Amino acid sequence: MRRFNKDKELLSAYLDGELSSAEKSYIEEKIKSSLELQKELEDVKKLKELTNSSYDKIPESQYFETRLFANLNSKNTKKYNIKKWLPITSLTLVTLGLMLILKFNPNLINDIIDQQKSNLAGFYKENLQPLLYAADLTNEDIFNFAVYKELPLDAANKQILKLGNDSAGTEFFEIKNSGGVSKSNNLKSFVTALDLNDSEKEMMDSIISSYSDQLSGLVLVNDKNSVAINPNIWNTRKVILADILAFAKKHAGQNYIKILPKQVAEIDNNSIQKFVADSRSIKPNQYIFFTPDSVFEDNFVFDVKEFKGRVDELKEKLTALNENRNSLNEFKINFDSTYENHKKNVDKTMRYKIFINKDQIKVNLPDIAVNIPKINLPDFDSIASIIEEATRNMNVVVPPNVPVVVGKNNFNYNYNTVKPRQNKKSEVNLDSLIQRNNVENELKNLKQNKLPDNQLKNNSGAKLNDSLLMHQNEELKREMDNLRKELQKFRNEFSQPKQDESGQSKKSNQNLRNSDVKEI
Amino acid sequence: MDFEEKENMPQPQILSLDDDFSLIKSFIDGDESAFGELVKRHKEKVRNIIYLTLSNTNAIDDIAQEVFITVFKNLKSFRFESQFTTWLYRITINKCKDHLRKTKIRKIFLPLNDDEEYNVLSSINENTDIKQIVRNAIASLPDKLRIPIMLKDLEGFSYQEIADTMNCEIGTIKSRIFRGRETLKNILKPIEKELML
């Protein structure tokens with residue numbers, strides 16, 4: 001087969017007249033003896049003819065030379081040369097120009113980068129508003145901030161800003177979902193523990209509320225999901241706490257010493273006042289900006305008065321709608337993909353360490369990054385647990401908001417007229433506290449005597465009276481007798497909350513009886 | 001032209017007034033009309049080679065213009081080691097190949113069109129010209145097989161001339177022409193009777 005193909009190739013060349021004489025003789029011999037080659041010879045001949053006849057002559061080009069010489073002339077002109085060299089020439093010129101510009105303005109590129117940075121910073125600084133104003137801070141919130149370093153970021157306390165120092169002393173802040181856990185009544189507990197009178201309580205309230213405006217300018221937010229935190233907030237927290245403690249020390253005296261450890265109790269009142277004054281005089285314009293893209297520090301002047309003016313103006317205009325205020329209250333930082341960039345850029349943003357998960361953003365601020373004004377205040381960090389410990393047993397009762405009908409008995413509540421409100425601000429009512437504790441004690445005693453529940457229910461009135469006579473002072477016994485019916489109603493209405501609180505109450509009963517009841 | 005100059009000629013050629021070499025020499029000596037004469041003498045051959053190589057008439061004159069512009073620019077460096085036509089046809093074939101390459105690249109970026117899907121025999125009907133069918137069949141051959149066949153069967157080039165023009169060995173040309181013809185026969189086999197092959 002290969003030989004035959006070789007012969008066919010020779011045959012093709014034979015027809016083209018391209019064989020040597022030896023090859024020609026060879027193939028002619030082969031053709032004579034092979035029918036296949038004869039057929040092949042015919043086929044190739046026809047194919048050559050077919051190929052030859054399939055193409056017509058193309059018409060002559062009339063003005064070929066004229067066009068050619070015109071082309072040659074145009075390509076010989078300088079224009080052609082310029083066109084050819086234009087890209088290289090212009091590139092060279094641009095390069096030279098840039099070299100010259102950079103020689104005389106070496107900081108040009110840095111300036112441009114700075115400009116871009118400031119443009120970006122400007123974008124995130126736009127329309128910054130104080131978040132704490134939006135969160136509608138109560139004295140309770142400010143107290144919690146001072147003691148527990150936690151500030152609610154929205155009115156519903158769904159997110160909190162937490163400040164702190166890690167083990168290395170580096171400041172950090174974190175924004176996290178509080179998970180619905182809110183420390184309530186801490187201030188009330190503290191005040192109760194100090195046993196302040198009404199006017200002193202008012203003074204305490206006014207001291208705390210005086211920091212509201214100062215705090216409001218320290219945390220700013222805008223609709224770009226950026227947060228600006230003034231580093232002075234770390235000091236402000238200390239100062240608020242110092243101020244509260246100084247007042248407490250001055251007015252609560254012995255109670256204060258009972259509650260607080262010696263070193264804290266020995267804080268010089270005058271020096272604290274100086275710290276307060278120092279803190280208020282420092283108004284650094286440097287803010288730490290936490291944005292979806294980066295964390296940076298930059299100067300920013302926030303005019304609290306101007307802002308308040310604007311809000312007041314808006315309030316007047318929108319009193320009826322009240323929408324503006326609602327929108328302010330609804331600020332929420334999204335822990336979604338917005339901040340994912342930070343995770344990628346962790347290595348690049350060496351100056352800050354950022355930890356992000358779905359409920360929390362934590363930013364560590366190394367010393368070099370934050371210019372926190374130094375105020376020499378004692379370390380109050382341990383005070384939170386001390387205050388918590390001291391006030392833990394101060395059980396706060398939330399009485400329903402009901403009118404007290406003055407009759408022949410002082411404790412004549414009319415529960416049917418007004419429904420109790422769960423969210424009402426807490427108030428300590430020692431009388432009601434004692435009453436409830438006593439009732440609960442009776443219930444406890446009854447349970448210890450292993451009375452069946454139904455019997456307890458049916459005979460509770462009589463049994464309670466008997467046990468009260470045994471254990472309580474005369475005044476309380478009389479009161480309890482009169483209150484029996486009302487308490488039954490009270491129990492019915494508040495059976496659920498009571499059950500919840502009973503554990504705590506049992507613990508605290510003994511303390512109260514020992515200290516407070518004796519005084520009564 | 002004196003005797004001494006004739007002695008120094010790089011390649012002794014039989015010179016006549018209408019010889020390509022003498023025209024080139026005249027051009028090198030500054031006679032631009034000699035170039036015009038060269039163009040006049042070879043333009044149709046060049047155009048024909050382009051036509052046969054590309055199988056279409058649209059770009060013939062543009063490519064022929066480019067061929068002669070290249071010749072004009074490089075003629076002064078012509079070394080008289082081979083025939084002018086060999087050099088000229090090599091330039092022509094190279095320009096054609098460039099054109100074909102550009103066309104292929106351009107096709108990559110064009111959307112696929114079913115109409116353009118090439119099938120030599122699919123478009124045959126009773127009115128189809130046999131010559132057109134053969135042209136289509138030849139056009140479907142790869143360049144390296146098609147160009148030698150065209151130069152041989154239509155332009156009457158020798159294998160050596162084709163080899164010089166395409167810058168390859170004569171044995172390669174011989175083989176390619178044979179393979180080209182075999183392929184062509186296979187393409188046209190279904191209509192063998194009509195073609196009376």
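Each chain gets a letter, A, B and so on, in the order the sequences are listed, and its residues count up from 1. Given the structure is predicted, the values throughout are model-derived calculations rather than measurements.
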Trainee: Do other residues, nucleotides or ligands put more than 12 heavy atoms under 6.0 Å from B:Q83 CD?
Mentor: no

Trainee: Can you confirm whether more than 12 heavy atoms, excluding those of A:K24, are under 6.0 Å from its NZ atom?
Mentor: no

Trainee: Taking everything shown except A:K48 itself, do over 12 heavy atoms lie less than 6.0 Å from its NZ?
Mentor: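 More than 12 heavy atoms, drawn from other residues, nucleotides or ligands, come within 6.0 Å of this atom.
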
Trainee: Between CZ of A:F69 and CD of B:E32, what distance do you get to the nearest 0.5 Å?
Mentor: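 So the gap between those two atoms works out to 7.5 Å.
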
Trainee: Is B:K131 salt-bridged to A:D56, going by a charged N under 4.0 Å from an acidic O?
Mentor: yes

Trainee: State plainly whether the residues B:K43 and A:E65 are in salt-bridge range, i.e. N to O under 4.0 Å.
Mentor: yes

Trainee: At a 4.5 Å cut-off on heavy atoms, which part of B:K152 comes close to chain A: side chain, backbone, both, or neither?
Mentor: side chain

Trainee: If we define contacts as heavy-atom pairs under 4.5 Å, which of B:Q65, B:M150, B:R179, B:K40 has the most with chain A?
Mentor: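 Of the candidates given, the most pairs with chain A belong to B:Q65.
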
Trainee: Taking B:D153 for its side chain and A:N52 for its backbone only, find out whether a donor-acceptor pair lies under 3.5 Å.
Mentor: no

Trainee: Within a reach of under 6.0 Å around CD of A:E28, are more than 12 heavy atoms found that belong to other residues, nucleotides or ligands?
Mentor: yes

Trainee: Quick check for you: to the nearest 0.5 Å, what is the distance between A:L10 atom CG and B:K174 atom NZ?
Mentor: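 With rounding to 0.5 Å, CG (A:L10) is 5.0 Å from NZ (B:K174).
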
Trainee: Which pair of heavy atoms, one from A:T51 and one from B:L154, lies closest together, and at what distance?
Mentor: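 Here A:T51 and B:L154 meet closest at O-CD2, 3.8 Å.
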
Trainee: What part of A:K45 gets within 4.5 angstrom of chain B, counting heavy atoms only: side chain, backbone, both, or neither?
Mentor: neither

Trainee: Are B:N48 and A:K57 close enough, and set up right, to give a side chain to side chain contact (heavy atoms under 4.5 Å, CB included), and what steps lead you there?
Mentor: CA-CA 8 Å; B:N48 220 31; A:K57 285 275 175 189; 3.9 Å; yes

Trainee: Would you give the length of the straight line joining atom CD1 of B:I173 to atom CD of A:E18, rounded to the nearest 0.5 angstrom?
Mentor: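 So the CD1 of B:I173 and the CD of A:E18 are separated by 10.5 Å.
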
Trainee: For A:E9 versus B:S175, what's the shortest heavy-atom pair and its separation?
Mentor: OE2-CA, 3.7 Å

Trainee: To check you understand the geometry: which heavy-atom pair defines the closest contact between A:S61 and B:R47, and what is its length?
Mentor: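 Result for this residue pair: N-NH1, 3.3 Å.
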
Trainee: How many angstroms lie between CD1 in B:I149 and CG in A:D16, if you round to the nearest 0.5 Å?
Mentor: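 Answer for the CD1-CG pair, B:I149 versus A:D16, is 9.5 Å.
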
Trainee: Need one label for B:Y159: side chain, backbone, both or neither, based on atoms under 4.5 Å from any heavy atom in chain A.
Mentor: both

Trainee: Are there more than 12 heavy atoms of other residues, nucleotides or ligands under 6.0 Å from atom CD1 of A:I109?
Mentor: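 At most 12 heavy atoms, drawn from other residues, nucleotides or ligands, come within 6.0 Å of this atom.
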
Trainee: Please check if the side chain of B:R135 supplies one atom and the backbone of A:S54 the other of a donor-acceptor pair under 3.5 Å.
Mentor: yes

Trainee: If you compare all heavy atoms of A:N5 against all heavy atoms of B:F178, which two are closest, and at what distance to 0.1 Å?
Mentor: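 Smallest interatomic distance, heavy atoms only, reads O-CZ, 3.7 Å.
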
Trainee: Any side-chain to backbone donor/acceptor pair from B:K185 onto A:D43? Under 3.5 Å, distance only.
Mentor: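 Looks like no, no N/O pair under 3.5 Å.
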
Trainee: Could you go step by step and tell me if A:N71 and B:F72 meet the side chain to side chain contact (heavy atoms under 4.5 Å, CB included) rule?
Mentor: CA-CA 11 Å; A:N71 277 339; B:F72 180 83; over 6 Å; no

Trainee: Given B:E182 and A:L47, is the side chain to side chain contact (heavy atoms under 4.5 Å, CB included) satisfied, shown in steps?
Mentor: CA-CA 10 Å; B:E182 287 293 300; A:L47 191 67; over 6 Å; no

Trainee: Quick check for you: to the nearest 0.5 Å, what is the distance between B:L188 atom CG and A:K46 atom NZ?
Mentor: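 Between atom CG of B:L188 and atom NZ of A:K46 there are 13.0 Å.
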
Trainee: Nearest 0.5 Å, please: how far is CG in A:L15 from CZ in B:R181?
Mentor: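 If we round to the nearest 0.5 Å, B:R181:CZ and A:L15:CG are 7.0 Å apart.
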
